[in-house]
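Contents: one structure, followed by commentary.
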Amino acid sequence: MDAPLSLHIKTFGCQMNVYDSGRMGEILKAQGMTYEERLGEADVILINTCSIRDKAEHKVLSLLGQLKPLKEKNPKRVIGVAGCVGQRIGRQLLQRVPHLDFVVGPDGIDHVGELVDGVVKRGERCVDAKLDTDGRSYSQPLLSTAPKVAEYITVMKGCDHFCTYCIVPFVRGREKSRSIQEIVGDVERLVAQGTKEVTFLGQNINTYGKGSAETLAQLIERTHEVRGLERIRYVTSHPRDMGMDLISQFGNLEKLCPALHLPFQSGSDAVLKRMSRLYTSAEYLKKIAALREACPDIALSADVIVGFPGETDEDFEQTMTVLSEVRFSLAFLFTYSPRPGTKAYELSDDVSREVKEERLARTMKLTMEIIEEENRKRIGGIESVLVESIDKKKGRYFFGRSLHNKIVHVLNAGPACVGKVIDVEVTEANGSNLKGYYVDAERIDRVASL
Ligand code: SF4
């Protein structure tokens, strides 16, 4: 009998890609594969790709180049590309990269087992990049066999918005949702196996259920009833679609964590219009005010793009004003990156790289100052932390997340705390993270004892 094939998956991009990689891993493991931590040692190497920025795409192409000698060393090694780059340029990739065996787009991930089989057994190089354009609903129950304390669940896919800079609607298609019944079934199964927190994923999650009678507010309410589940989050919201039904839930539903990611992208109405974001800066700030009225302690995070075509100094200062006024607890800040196929690609990319970088640096400096100021205010206070695991990178402290989605390193927590919500007294604010002590345990720093 042949030895089982080993698998390594390298994931780029967003949480949805992480979720898709997990799913492909489960499918391939069910076919008998084992996981190999070292990419260079794996029989099957799968790269799950991101296409949101030019840089992300370049990284994938460069990694593919590095894999050539590995394939030459062992021609039986299988190399596949999944995700948004696969969807966007899958066919060209297969032609341009002879050592690439297969390409699978985001809607084909459930076929990954057949694709690998085709390569291994029949030497078939192939592309499965067909977008699922049929209807508004789809079914994809969870496969997860070893759930984590905090799990992500994709509840919908695609986006109908067509913001002018964004490639997502082209590579992930139109919005389609899973049913509440199927999702709640997943949550119940996860909770029965120890999961305490779920984060629902969707590119434009507020319009979950489009084309049916189901809404995100209903999904949250139904999930809230699941016994044993302690925390619910969702991402990503669009300011225009963040209705009062959703806003008011932050004040009313105990398990809904007081944290929301609400990208604003630019503080300038002229830029927002060119981005086709469908709201003004004043409308965005009004939503923020309503959220803070419903839940005064809510932590807000956002995405911002600087250097969009035509962005003047004045436009940029308006972005800085929104950052100062809202005081986000986290912000993902980017320079504009033109993506072929989008509407903004036709606009002149007229903000120089130096100006983009300078604006980015200013937004980063301001954001970090605000985050650090706000984090310092938490020193001496108690955070309710769901402990997830030991910090694998640092290999020292156990860590978890606060209700506000802050990473909290707990200096005196041990394995018995994993999966529990514990009270942690914050003693240190370190960049965007917090550190502290579990109040019900002896105050020893486990670093000394590990
Ligand atoms: S709402 Fe988000 S995913 Fe949809 S097009 Fe706009 S930026 Fe892209």
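What you see is a predicted model; the values in this text were computed from it and never measured. Each ligand, and each atom within it, is numbered from 1 in the order the structure gives. Hydrogens, waters and symmetry mates play no part in the numbers below; they use all other heavy atoms, side chains included.
When heavy-atom distances to ligand 1 are checked against a 4.0 Å cut-off, Y165 comes that close only through its side chain, counted from C-beta outward. At a 4.0 Å heavy-atom cut-off, ligand 1 touches P169 through the side chain alone. Only the side chain of V168 comes within 4.0 Å of ligand 1, counting heavy atoms alone; its backbone N, CA, C and O stay farther away.
Below 30°, between 30° and 60°, or above 60°: for Y165 and F308 the angle between ring planes is above 60°, a perpendicular geometry. Aromatic ring pairs are classed by plane angle as parallel below 30°, tilted from 30° to 60° and perpendicular above 60°; the pair Y279 and H238 is perpendicular.
A side-chain contact (heavy atoms from CB on, under 4.5 Å) with V44 is found for exactly one of V112, V119, I79, V116, namely V116. The side-chain contact (heavy atoms from CB on, under 4.5 Å) test with I45 is passed by exactly one of L70, L63, L64: L70.
Annotation for ligand 1: atoms under 4.0 Å from non-hydrogen atoms of H238 are 1 (S).
In this structure, atom 4 (Fe) of ligand 1 lies nearest to the protein heavy atom C159 SG, 2.2 Å. Counting only heavy atoms of the protein, atom 8 (Fe) of ligand 1 lies nearest to C166 SG, 2.3 Å.
Side chains of D269 and S281: a donor-acceptor N/O pair is absent below 3.5 angstrom, by distance only. A side-chain donor-acceptor contact under 3.5 Å links H161 and D241. No hydrogens or angles considered: a donor-acceptor pair under 3.5 Å links the side chains of S139 and E182.
Residue side and main chain included, H161 places no N/O/S atom under 2.8 Å of atom 8 (Fe) of ligand 1. Counting backbone and side-chain atoms alike, C163 contributes no N/O/S atom closer than 2.8 Å to atom 4 (Fe) of ligand 1.
Residue-ligand proximity: R172 is placed with every non-hydrogen atom at 4.0 Å or more from ligand 1.
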